[in-house]
Colleague: 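Here it is: the structure, laid out below.
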Amino acid sequence: MTHQTHDRLLIIDFGSQVTQLIARRLRELSVYCEIHPYQNVTMDFVAAFAPRAIILSGGPDSVVRDGSPRAPDGIFDYGVPILGICYGQQVMMQQLGGLVEGGKISGGGGTAEFGRAYVQAKGELPLLNGWFADGPEQVWMSHGDHVSRLAPGFDVFGTSPNAPYAITADTDRNFYAVQFHPEVHHTPRGATLYENFVKLAGFKGDWTMNAYREEAVAKIRAQVGDKNVICALSGGVDSSVAAALIHEAVGDQLTCVFVDHGLLRKNEAEEVVGMFRDHMNLQVIHADETELFLGELDGQSDPETKRKIIGRLFIDVFQKYADQIEGAEFLAQGTLYPDVIESVSFSGGPSVTIKSHHNVGGLPEKMGLTLVEPLRELFKDEVRALGHELGLPAHFIARHPFPGPGLAIRCPGEITRAKLDILREADAVYIDQIRKHGLYDEIWQAFVAILPVRTVGVMGDGRTYDYACTMRAVTSVDGMTADYYPFSHDFLGETATRIINEVPGINRVTYDITSKPPGTIEWE
Ligand code: XMP
């Protein structure tokens, strides 16, 4: 826990799938908040955290079940405003002397409610400022159990056909409890409820990127002292922003290693190294290990074997260069908040999500390095905002994700230098087309893959026998699921023509219209 200078809000997590969205909504209001699983929240913890308000999240359990999760009783005497959401509402009612009835799922006779519902106003409440101006409000319900008797001191301020206690409050104690999920998209004006809640709790909205930058710099200086830091710079947004921030804090005590495996896009190494070295004055080692990587990949066509070779070599190479940096005691990583949130797993215990494909996994222990992770408290869009603050160019911050194994997983089958050269050219033409048509920011990720097949064509008067390639473009939120991007036929035709005309070695272009699932975004 950090940032004692900010107003802080504590979210006690009961395991809802959408708890992270509560944090998102609050951060959008410039409110600093942290999510902690209910098992870890003792009253000592609360006292140390010193929240100005508390939110109890939803969760999959049933409060009528013996042994189901509870909040520490003491929080109801702690004297700060509390908002309970769904399971959080039921916990409040149960712990404060009301009654919750089990729905069919938990063996009771009550009515479950899943999906859209409409809440009617029933009295005025500062929490509801801006609501009900146009009649009933659409909300998202997702509950098996429901409250059947309010706890003493509570009144009803909104009802829905299946939730007579949809919005409840004890205004004397500043306790609020709603049956629905205001944090999700399907409660269109849910953000207003959070805004009203933090206002009435007295939050100043002091969580800004500028404040974060200053505090993070001070914290890095305190952690690192006069020791040296190394950073594996990939050219991706996270490692770039982490490097820029650490550089601002400790200057030349930071050395970045850019591992060039020869599987990068056209001009990528020059652009990334040039930007950091020449424009931002960072010490960057350009580790050109193309020969090593392509040598070991020679003749390999199995996707997993290719990935394993690249992963192993990456670590070897990084270690080789890091060993040459004198006095390095710290390793910088661009870990983000979604990677470190401890969520309540359905098996009951807290579980931690760990970035599975981290490029330098295992290295810190092996090399005796301590981690510096200055982005641990940020969401992806906050990292981008911080990148802007630090002066990284806008086009760089908005770049599509690029996988660690690079073009190797866009070159199914055996990798050859000739194929990689063709692929780089085709990809450059495709991305140029996307930018020219103003589509780059609408697309989550776009690239060309070169297919391990040659096809017959005719160009001019001659027969050709060249490679086929495929264009991929997807929309997505987090890369876990994805839809193909619906380009116009004109765009597809124009781009295919350009690739065939401008890239020797390609005589056929296809467009991949597979969603994820069942496909993956990359081809391997
Ligand atoms: P898939 O192909 O699994 O990709 O649907 C989902 C997202 O992850 C990226 N990706 C990787 N990123 N190391 C990375 O840093 C990897 O090994 C890796 N494999 C896939 C992929 O580009 C997409 O954005």
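Just so you know, these numbers come straight off a predicted model, no measurement behind them. As the structure lists them, so they are numbered: ligands from 1, and atoms in each ligand from 1.
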Colleague: Please determine, by modelled atom types, if Thr475 and Asp483 share a side-chain donor-acceptor pair under 3.5 angstrom.
Modeller: no
Colleague: Taking ring-ring contact (aromatic ring centres under 6.0 Å, His included) as the cut-off, I'd like each qualifying pair that reaches into residues 284-312, sequence neighbours left out, listed once.
Modeller: Phe258-His286, His261-Phe293
Colleague: Do Thr208 and Asn210 have side-chain atoms, one donor and one acceptor, less than 3.5 Å apart?
Modeller: no
Colleague: Would you mind listing which atoms of ligand 1 come within a distance below 4.0 Å of any non-hydrogen atom of Arg307?
Modeller: 16 (C), 17 (O), 18 (C), 19 (N), 20 (C)
Colleague: Please identify which atoms of ligand 1 are closer than 4.0 Å to at least one heavy atom of Thr520.
Modeller: 1 (P), 2 (O), 5 (O)
Colleague: Could a heavy atom of Trp523 be found less than 4.0 Å from some atom of ligand 1?
Modeller: no
Colleague: Just which atoms of ligand 1 are under 4.0 Å from any heavy atom in Lys516?
Modeller: 1 (P), 3 (O), 5 (O), 6 (C)
Colleague: Does the Lys NZ or Arg CZ of Arg27 fall within the cation-pi geometry relative to Tyr337 - under 6.0 Å from the ring centre and within 45° of the axis?
Modeller: yes
Colleague: Provide the number and element of each atom of ligand 1 under 4.0 Å from a heavy atom of Trp444.
Modeller: 24 (O)
Colleague: Can you see whether His6 engages Glu215 through a side-chain donor-acceptor pair at a distance of less than 3.5 angstrom?
Modeller: yes
Colleague: Of Pro405, Gly311, Gly404, which has the heavy atom at the shortest distance from atom 14 (C) of ligand 1?
Modeller: Gly404
Colleague: Quick check: Ile521 and ligand 1, any N/O pair under 3.5 Å apart?
Modeller: yes
Colleague: Can you label the angle between the His400 ring and the Tyr440 ring as parallel, tilted or perpendicular, going by 30° and 60°?
Modeller: parallel
